[in-house]
Amino acid sequence: MLYVHNNLTRQKEAFQPIDPQNVRMYVCGMTVYDYCHIGHARVLVVFDVIYRYLRKVYGEQHVTYIRNVTDIDDKIIARANENKESFQNLTERFITAMHEDADLLGVIRPNEEPRATVFMKEIINMIKTLVEGGHAYAANNGDVYYDVSSFANYGQLSGKQMEDLRAGARVAVDEAKQDPLDFVLWKAAKLNEPSWDSPWGKGRPGWHIECSAMSTHCLGNHFDIHGGGLDLQFPHHENEIAQSCAATGEAFVNVWLHNGFVRVDDEKMSKSLGNFFTIREVLKKYAPEVVRYFILTSHYRSPLNYSDKHLDNAKSALTTLYTAVRGLNAPEIIVDNKFTKQFEKAMEDDFNTSEAIAVLFEIAKEINRQRDAAPEQAALLVSQLRQLGSLLGLVQDDPEAFLQGKNQISQDGLSDIDVNEIIKQREQARIDKNWAESDRLRDDLKAQGIILEDSGGSTSWRRA
RNA sequence: GGCGGGAUGGCAGAAUGGCUAUGCAGCGGAUUGCAAAUCCGUGUAUCUCGGUUCGACUCCGGGUCCCGCCUCCA
């Protein structure tokens, strides 16, 4: 039985899909005006793992995963103006970049990736319904606002009281709003802004409404899981609930999942603080799988501190796993033993990836123990390690490729050919028992980041 | 100010009312021409003060500190 921590109830609860034949999950994706940073990588990877696990439990054909793209908003418009390019051009570029980054990180593509600009009709219809139902009003400045007072449960997800929110010093007073907590559904276009026609004049959607319109369109009014970063809990997801429930008259989402932040020096990594590292920056130095491993070492709801030291640590750990699966031909057999159960128990406990990874290390240790005495048994365990690893998107590569840094984007230093040439020279020195020369060559390579391992009469190598 | 989350060994990071997390690093041993890798062994911990309990790191209460949301943000 799969248990998940539902942010709506703030409790771990048994996950019961509305329809086990079609488990439906929507995750808030990126606003595409810049490259994705490590915080975005975390959402991508965390929900990828959740998606993988749901597919394992309910079957590949029985899970629908939607991750949207916000391709129109103030920042996009501002950035496009700065760059003197069309906003479409800007967003296309960054959508492509996002796909490149996600693919490198081993993130399975969602079933659909709806974009706000493609769903204008649905967005406008939903706003119309809200206005007609008395949940929204057109203000005299041309904007349309959601009337928060019309929705009794407002604040449930974020645990906020409307009174407290109003008392909060940071709620700006906007003349056009009837209540400072009301939020915009439709923004009237200013001069030279991209706009769409609507019953309220030219304009564009507010941020929250696109997710309500697209999620219900793609998944139905009432679906299983809605996810995103913790910073979206309020106001974004709170507002989505208000909009969707008011528009459809039905329950919206059963389970809300939010991943914790990536931090730098104990501070949230964010665009506004400017303390972010883009995925592509980091991938210049570390293999994508190292980044993925790093993200999965901690529980998805915990904060995750980013630093080179932690990535180095992740690389060493992953090296241990790849070293264990090296040199054994894994048969295509499903292995089911105590490790499988341990692993599943961990994953079914609100996707406890750190505990699941611990199981991978236990398997690795067992492989190493058995490798000489019982190679067939060891090979079976290699299959298992890879099968379980596939649920996390880890240890799926060719071991030599990982260990020799072939899947790292930037390769510097010696080429494989150089390395093999030096190894050959050293072989001769070793045959001659010229240990001084042999050690000199090895030290030489080590100084260039190449580590040699002599075992079983042959020499293998890896990049440090 | 309101609301919420958290404090675990050198570092990272899980779990648990009594029993080994795991990884990285360290130390000792085996192995190796020497290494590397691997295996075996090993040390170091639960912020603080009270309470409940046969027993708490785990439950309850006070305190200290950190972080987040309340404004765009994954």
Sidechain-backbone polar pair: A:N111 side chain, A:I66 backbone, donor-acceptor under 3.5 Å
no

Pick the closest RNA chain B nucleotide for A:L273 and for A:E366 by heavy atoms, then say which residue is nearer the 5' end.
A:E366

Review item, nucleotides 9-11 of chain B N/O atoms under 3.5 Å of protein N/O:
unit_1 : atom_1 : unit_2 : atom_2 : d
B:C11  : O2'    : A:K309 : NZ     : 2.8

Under the rule for side-chain contact (heavy atoms from CB on, under 4.5 Å), what residues qualify as partners of A:I422, not counting sequence neighbours?
A:L414, A:L441, A:L445

Can you give me every donor-acceptor pair (side chain of residues 203-211 of chain A, partner residue at least two apart or in another chain, under 3.5 Å) with its distance?
unit_1 : atom_1 : unit_2 : atom_2 : d
A:R204 : NH1    : A:E193 : OE1    : 2.8
A:R204 : NH2    : A:D74  : OD1    : 2.2
A:H208 : ND1    : A:H236 : ND1    : 2.9
A:H208 : NE2    : A:N239 : ND2    : 3.1
A:E210 : OE2    : A:N68  : ND2    : 3.1
A:E210 : OE2    : A:T70  : OG1    : 2.7

Enter the distance from A:E163:CD to A:K160:NZ here, rounded to the nearest 0.5 Å.
14.5 Å

Can you see whether A:N83 engages A:Y33 through a side-chain donor-acceptor pair at a distance of less than 3.5 angstrom?
no

So, under a plain 3.5 Å distance rule, would you say the side chain of A:S272 forms a donor-acceptor pair with the base of B:C72?
yes

Residues within residues 253-263 of chain A bordering RNA chain B, heavy-atom distance below 4.0 Å
A:N259, A:G260, A:F261, A:V262, A:R263

Distance-minimising heavy-atom pair for A:T91 and A:V32:
CG2-O, 3.6 Å

Contacts of type side-chain contact (heavy atoms from CB on, under 4.5 Å), residue A:V144, not counting sequence neighbours:
A:I127, A:V131, A:A136, A:A138, A:L185, A:W186, A:W200

Contacts of type side-chain contact (heavy atoms from CB on, under 4.5 Å), residue A:D443, not counting sequence neighbours:
none

How do A:T297 and A:P235 order along RNA chain B: which one's closest nucleotide is nearer the 5' end?
A:T297

Only counting residues at least two apart or in another chain, list the ones meeting ring-ring contact (aromatic ring centres under 6.0 Å, His included) with A:F277.
A:Y306

Secondary structure of RNA chain B per the Watson-Crick/G-U criterion (both distances under 3.5 Å; [ ] crossing, | other strand, . unpaired) is (((((((..(((.....[...))).(((((.......)))))....(((((..]....))))))))))))....

Set of residues satisfying ring-ring contact (aromatic ring centres under 6.0 Å, His included) with respect to A:F94, sequence neighbours excluded
A:Y35

Rounded off to whole Å, could you give me the CG-to-P distance for the A:N305 and B:C24 pair?
20 Å

With sequence neighbours left out, which residue pairs that include part of residues 307-320 of chain A fulfil the salt bridge (Lys or Arg N to Asp or Glu O under 4.0 Å) condition?
A:K285-A:D308

Near RNA chain B, counting only heavy atoms under 4.0 Å, which residues of residues 368-382 of chain A show up?
A:N368, A:R369

Mark up nucleotides 32-37 of chain B, 5' to 3', with B wherever a protein heavy atom is under 4.0 angstrom from a base atom, S wherever such an atom reaches only the sugar-phosphate, and - elsewhere.
-BBBBS

Integer-rounded Å distance: B:A25 C1' and A:D312 CG
12 Å

